[in-house]
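Scroll down for the structure; my scribbles are underneath it.
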Amino acid sequence: MGRPDLAQLHRLRLAKDVMDRDWSQPIDLDAVAAEAGYSRYHFIRLFREVYGETPGQYLSRRRIERAQDLLRSANLTVTEICMVVGFTSLGSFCNRFKRQVGMTPTEFRARARTEGAGRIPGCFALFWAGGFRAGTPHAATFEKSPENRDP
Amino acid sequence: MSSTNTTTTCQEAAMITGLGVATVWVLDQDRAKEFFVDKLGMEVRDDLTLGEGGMRWVTVGAKDQPDLMLTLMVPGPPTHDPETAEQIKALIAKGALGAGAFTTDDCEGDYRAMKARGVNFLQEPQKRPYGVEAIFRDDFGNWFSLTQPSAKLDESVGWS
């Protein structure tokens with residue numbers, strides 16, 4: 001398969017935008033794939049080729065990043081934040097959080113609140129977080145390495 | 001010449017007074033012009049072609065800001081070799097590039113009007129320490145902020 005053309009990139013981006021916009025909602029991957037005009041399987045494969053991770057990994061990463069923001073600033077419990085960012089199980093939220101951030105949500109909150117707020121406009125924070133996973137080059141390979149395996 | 005004199009000379013030299021033109025890389029100049037005029041309500045400043053088959057110079061700007069314009073440019077020669085141009089086009093299409101922040105005195109109103117005209121918003125208006133901000137993309141994939149600045153920083157609101 002050749003590199004995706006501009007029309008394909010455009011459709012994939014629109015699908016990614018749906019996840020950026022509606023990250024707190026339950027997101028049906030089949031519907032997102034259909035929005036891009038692809039079958040679920042084809043969509044996941046193309047998305048991963050272009051953005052370096054699967055749509056599910058991307059969405060989960062965004063949700064954890066939103067959770068970090070809420071832990072820094074919002075007066076909500078960890079359980080409430082878990083629900084607000086679209087996780088349905090506290091256990092999988094905490095596991096995923098620890099894997100991505102390197103500490104538990106409670107530890108993160110304690111640390112973040114002593115360090116003071118940043119001064120970076122939200123639009124840049126959003127695109128920093130919603131961009132590309134660190135250390136992921138244009139991933140053209142489809143085999144699953146252990147770190148890329150779906151949770 | 002002493003260092004004091006050098007400093008004085010630098011201070012007396014002409015200084016930059018502002019930003020006049022900024023580039024937005026787009027995939028098609030006609031569609032870009034349509035987007036910035038019909039969907040964002042900006043005005044066309046120039047639409048010139050330099051000679052037969054030459055460079056097309058299309059600029060737009062906000063009606064209330066005559067001293068700043070955006071030039072809508074398509075990646076390609078002579079600035080870019082064909083491979084570079086294709087790479088930039090791919091970056092635009094996959095949504096990796098942003099082109100700046102617009103200011104408004106009514107973020108909520110502009111958001112509703114622009115949304116009704118089919119602008120793709122990534123974020124509805126939200127409070128930030130520096131104002132109310134929404135985020136949208138142009139029809140090609142470039143992202144922009146739409147910010148209604150507040151008079152003074154409100155640090156009790158989150159930054160992101």
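All values below come from the heavy atoms of this structure, side chains included, with hydrogens, waters and symmetry mates left out. Per chain, numbering begins at 1; letters A, B, ... match sequence-line order.
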Applying salt bridge (Lys or Arg N to Asp or Glu O under 4.0 Å), which residue pairs with at least one partner in residues 139-151 of chain B are found, sequence neighbours left out?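 As it turns out, the salt bridge (Lys or Arg N to Asp or Glu O under 4.0 Å) pairs with a partner in residues 139-151 of chain B, which skip direct neighbours, are B/Lys39-B/Asp139.
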For the residue pair [X] and [Y], establish whether any side-chain heavy-atom pair is separated by less than 4.5 Å.
X	Y	answer
B/Lys94	A/Leu12	no
A/Asp20	B/Gln123	no
A/Leu14	B/Asn120	yes

Counting distance only, does the side-chain N/O of A/Arg13 pair as donor-acceptor with the main-chain N or O of B/Ala93 below 3.5 Å?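 Answer holds: yes.
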Going by ring pair (Phe, Tyr, Trp, His ring centres under 6.0 Å), name the residues that satisfy it together with A/His10, two or more places apart in sequence or in a different chain.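 Expected list: none.
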Is it true that, when you exclude B/Asp64 itself, more than 12 heavy atoms of the residues, nucleotides or ligands shown sit nearer than 6.0 Å to its CG?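 No, the 6.0 Å shell around CG holds no more than 12 heavy atoms from other groups.
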Counting heavy atoms not belonging to B/Asp105, are there more than 12 under 6.0 Å from its CG?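 Not more than 12 within 6.0 Å, no.
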Counting only non-hydrogen atoms closer than 4.5 Å, does A/Leu70 touch chain B with its backbone (N, CA, C, O), its side chain (CB onward), both, or neither?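 A/Leu70 has no heavy atom closer than 4.5 Å to chain B.
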Cluster question for you: counting only ILVMFWY and a side-chain heavy-atom cut-off of under 4.5 Å, with indirect links fine, are B/Leu91 and B/Val74 together?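 As far as the 4.5 Å side-chain criterion goes, B/Val74 and B/Leu91 are connected within one cluster.
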